[in-house]
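Here is the structure we will look at, set down as structure tokens.
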Amino acid sequence: MALTLHFPAKTVTTITQFPENPKTLIVQQCKTTKDLNQVHAHLIKSRFHLNPTISENLLEAAAILIPATTMDYALSIFHKINEPDSSAYNIMIRAFTLKQSPQEAVMLYKTMLQNSVEPDRFTFACTLKACSRIRALEEGEQIHAQILKSGFGCRQLVTNTLIHLYANCGRIDIARKMFDRMSNRDVFSWNSMFSGYVKTECWREIVDLFNEMRDLGVKFDEVTLINVLMACGRLADIELGGWISEYMEEKELNGNVKLMTAVVDMYAKCGHVDKARRLFEQMNRKDVVAWSAMISGYSQARRCKEALGVFHDMQMANVVPNEVTMVSVLSCCAVLGALETGKWVHLYVKKKRMELTITLGTALMDFYAKCGLIENAVEVFKKMPLKNVFSWTVLIQCLASNGQGERALETYYIMREKNIEPNDVAFIAVLSACSHVGMVDEGRELFVSMSRDFDLEPRMEHYGCMVDILGRAGLVEEAYQFIKNMPIPPNPVIWRTLLAACRAHKNVKVGEESLKNLVTLEPMHSGDYILLSDIYASVGRCEDALRVMNQMREQGIKKTPGCSLIELDGEIYEFLAEDNMCPHFKEVYDATENMMKRIKSAGYVPNTADARLDAEEDDKEASVAHHSEKLAIAFGLIRTSPGTPIRISKNLRVCTDCHNATKIISKVFNREIVVRDWTRFHHFKEGSCSCNDYW
């Protein structure tokens with residue numbers, strides 16, 4: 001029988017009989033669904049489709065080799081095969097798994113058993129992969145039992161997929177036992193184990209396993225190195241990461257985009273961001289993963305302006321960002337208070353109809369909250385199709401940090417009504433809400449509830465929240481006793497929180513005790529000395545205040561300068577306290593002088609206690625007038641239209657004088673002003689602040 005096939009732009013082929021491997025004809029000449037349909041029609045007409053070998057090759061082309069074909073079409077071919085054997089089932093199981101329908105793959109395997117078709121090693125491998133995708137541990141264990149009964153337990157392919165299944169389902173202990181029992185392990189066996197450790201974030205185990213692999217002289221591949229580089233980044237193991245980088249250069253692997261991206265990411269996570277940038281610039285081709293790795297590196301290093309610069313370059317290179325890119329960019333916008341850039345990202349997400357996943361949604365919520373737009377954050381939360389304890393926790397934290405503690409607490413109870421059980425992070429958020437608005441009794445009850453109702457052991461952060469709740473409420477002595485009774489040794493943050501409370505409530509005795517403990521734990525932190533110095537100054541003990549500052553200088557400890565950021569028309573401007581080198585120096589200082597005159601006429605009295613201690617008496621007023629946030633606000637006033645909100649981000653705590661001054665500025669200039677410092681948000685409007693002066 002002759003079979004004539006007509007393919008577009010190809011020579012007409014007449015075949016009197018199929019070659020020994022008919023797959024060659026179907027696969028090589030069928031490039032599109034249309035080609036396949038034509039072949040299929042001829043096979044039916046010539047009755048060649050009744051040949052099991054030919055029908056299976058046709059099935060493979062439809063199910064796997066030609067991506068445009070649908071699974072419905074492949075199923076129609078499969079169902080017409082008379083008594084399909086394991087090979088036909090294997091094709092369909094593999095196809096369902098590849099086309100993101102692993103549940104269907106597992107169901108087909110069950111049908112195969114019901115039809116008494118004997119599975120082979122490829123069946124087991126394909127079905128286990130499907131189970132792994134959907135974390136179907138119970139089904140996987142049943143298949144494992146069938147494998148042992150069938151005698152395929154020693155097959156390398158099957159064992160590799162079993163290792164991958166158990167690791168992916170969180171049973172890394174079983175995966176490792178199977179790996180250790182293997183008499184013959186290939187690179188896929190090792191990579192299955194590495195992959196499992198990555199999924200369970202066992203970074204140290206990855207490094208140890210890789211060292212074992214090298215000692216045994218086992219050859220590794222690209223997948224191995226990517227996994228190990230990821231572990232090096234998480235462990236800050238620059239030694240091993242650097243060795244891999246040198247190995248790649250020696251083996252001329254630097255042209256491999258995936259490997260180079262992993263190296264860039266490793267250096268960035270190890271804190272060597274400049275080295276990462278140099279390697280990034282040397283890459284001939286950069287995909288979205290490479291760009292995202294560099295942006296993320298700058299973001300994690302808190303070099304957010306540079307991260308946004310890379311994002312701008314990425315746009316110029318016409319590389320389409322993905323969710324990972326957007327999350328890193330939003331994080332930077334949140335830190336810098338870069339509202340316009342962040343809004344552009346949100347608009348892009350809407351325009352491209354990107355799914356509002358929990359990760360992306362919470363990043364947007366955090367961004368809006370840190371820009372003081374809490375209702376925008378709430379709106380994003382409402383539009384998220386899926387919400388878990390993490391997204392609820394972020395909402396609680398957003399409300400708490402914006403001075404809406406009672407609303408944050410209400411949100412916590414709504415979350416409980418929806419049967420979402422809080423985790424330890426949720427309790428940090430809700431305890432933080434209590435501290436911001438002075439809900440001491442509620443805070444005490446929630447702290448007890450953690451262990452009593454949810455069997456959650458309080459961590460250092462929870463103890464810190466309780467110290468903050470008590471300290472802000474003026475219960476400094478109780479906070480001190482609370483620390484002394486802690487079942488775990490307090491860390492520097494606990495003592496620093498108490499020291500800050502002592503500054504707010506002028507408690508010299510406990511403040512001195514706090515600094516003693518801090519000097520023992522973290523002797524080079526300038527902020528601690530400054531806090532005690534401020535306590536002394538606030539009670540008129542100026543000599544002691546100067547003594548503490550001199551002690552700090554003698555030990556070579558440098559004060560972190562106050563720095564405030566403001567975004568105008570998509571550009572970030574940075575101001576330092578008493579900085580005569582700031583951009584537009586004369587313009588800014590003239591605007592600041594005019595601003596200070598106007599608020600003085602409205603009742604503002606400078607609090608010179610917040611001036612530099614070494615400032616002369618006549619210079620103290622000028623010193624507080626030129627704090628970084630005042631310079632940034634003045635710049636915002638002259639560079640934006642009347643009525644436009646001003647948003648400032650500051651690296652240190654807002655001092656009492658700047659807090660009082662900003663309240664009056666908001667009233668005199670009829671501006672909404674949002675200042676975010678390292679402790680909380682201050683939302684100033686019409687002469688008042690969202691914190692109700694409780695900070």
Side-chain angles (χ1 to χ4, degrees), residues 100 102-103 131-138 167-172 198-202 234 292 296 299-300 322-331 333-334 342 345-346 349-350 352-370 373-402 404-434 446-447 449-459 461-462 465:
Q100 310 305 316
Q103 293 94 338
C131 291
S132 181
R133 289 270 177 92
I134 55 175
R135 290 179 170 81
L137 180 60
E138 188 177 343
N168 206 41
C169 292
R171 296 306 310 270
I172 195 71
V198 167
K199 285 183 172 64
T200 50
E201 298 186 359
C202 298
R234 299 306 191 281
S292 298
S296 175
S299 174
Q300 289 163 10
N322 61 14
E323 181 183 323
V324 176
T325 321
M326 294 313 200
V327 169
S328 293
V329 171
L330 284 167
S331 173
C333 291
V345 170
H346 194 184
V349 168
K350 289 178 179 177
K352 297 295 181 181
R353 298 188 178 183
M354 293 174 70
E355 185 184 354
L356 205 57
T357 61
I358 286 170
T359 305
L360 183 57
T362 49
L364 275 166
M365 287 164 61
D366 183 60
F367 155 69
Y368 277 122
K370 285 180 177 170
L373 298 173
I374 189 61
E375 294 309 322
N376 293 54
V378 173
E379 192 61 30
V380 170
F381 176 80
K382 288 178 179 177
K383 288 182 178 177
M384 289 171 65
L386 291 174
K387 302 177 183 73
N388 63 4
V389 66
F390 180 60
S391 45
W392 280 94
T393 298
V394 171
L395 179 61
I396 293 166
Q397 188 62 57
C398 290
L399 292 164
S401 61
N402 275 270
Q404 299 191 31
E406 291 181 5
R407 193 175 169 193
L409 211 57
E410 286 171 13
T411 302
Y412 168 76
Y413 290 121
I414 292 170
M415 179 184 84
R416 292 293 302 116
E417 286 170 9
K418 293 185 179 292
N419 294 319
I420 297 173
E421 193 164 302
N423 57 16
D424 56 347
V425 182
F427 273 103
I428 294 171
V430 76
L431 287 170
S432 175
C434 293
L446 285 162
F447 184 79
S449 172
M450 272 188 72
S451 50
R452 183 190 64 203
D453 302 329
F454 302 100
D455 199 27
L456 292 170
E457 196 68 31
R459 293 192 285 113
E461 292 87 347
H462 302 103
C465 286

Test side chain to side chain contact (heavy atoms under 4.5 Å, CB included) applied to Lys199 and Ile172, step by step: CA-CA 9 Å; Lys199 285 183 172 64; Ile172 195 71; over 6 Å; no
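- Atom CZ of Arg452 sits in a crowded spot, with more than 12 heavy atoms from other residues, nucleotides or ligands closer than 6.0 Å.
- When all heavy atoms of Ala167 and Thr200 are compared, the pair lying nearest together is O-CG2, 4.0 Å.
- Remark: Thr362 OG1 to Lys387 NZ distance equals 12.5 Å, nearest 0.5 Å.
- Heavy-atom minimum distance, Ala377 versus Ala369: CB-N, 4.2 Å.
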Intermediate values then yes/no, side chain to side chain contact (heavy atoms under 4.5 Å, CB included), His462 and Glu457: CA-CA 9 Å; His462 302 103; Glu457 196 68 31; over 6 Å; no
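- Taking the centre of each ring, Tyr412 and Trp392 stay at or above the 6.0 Å mark.
- For the atom pair Gln300 CD and Ser331 OG, the distance stands at 8.5 Å (nearest 0.5 Å).
- Met354 is listed as a side-chain neighbour of Glu323, based on a closest heavy-atom distance under 4.5 Å.
- Note: Cys333 SG to Asp366 CG = 11.0 Å, rounded to the nearest 0.5 Å.
- Lys383 NZ: 12 or fewer foreign heavy atoms inside a 6.0 Å radius.
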Steps toward side chain to side chain contact (heavy atoms under 4.5 Å, CB included) verdict (Thr393, Ile428): CA-CA 9 Å; Thr393 298; Ile428 294 171; over 6 Å; no
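- No donor-acceptor pair under 3.5 Å is formed between the side chain of Asp424 and the backbone N or O of Phe427.
- A 6.0 Å sphere centred on CD of Glu461 holds more than 12 heavy atoms belonging to other residues, nucleotides or ligands.
- Of the possible donor and acceptor atoms, one in the side chain of Asn168 sits under 3.5 Å from a partner among the backbone N and O of Ser132.
- More than 12 heavy atoms of other residues, nucleotides or ligands lie within 6.0 Å of CD in Glu375, so this atom counts as buried by the packing criterion.
- Taking the six-membered ring for Trp and the full ring otherwise, His346 and Tyr368 have centroids separated by under 6.0 Å.
- The line from CZ of Phe390 to CG of Asn423 is 9.5 Å long, rounded to the nearest 0.5 Å.
- The closest donor-acceptor contact from the side chain of Ser296 to the backbone of Ser292 lies at 3.5 Å or more, if one exists at all.
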Step-by-step side chain to side chain contact (heavy atoms under 4.5 Å, CB included) determination, Glu421 to Val389: CA-CA 7 Å; Glu421 193 164 302; Val389 66; over 6 Å; no
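- In this structure, the separation between CZ on Arg407 and SG on Cys398 is 10.5 Å, given to the nearest 0.5 Å.
- Side-chain atoms of Ile420 and Asn388, non-hydrogen and from C-beta on, never get closer than 4.5 Å to each other.
- The two residues Val380 and Leu356 come nearest to each other via the heavy atoms O-CD2, 3.9 Å.
- Taking every heavy atom of both residues into account, Ala400 and Ala408 meet most closely at N-CB, 3.9 Å.
- Between the OG1 atom of Thr411 and the CZ atom of Phe381 there is a distance of 7.5 Å, given to the nearest 0.5 Å.
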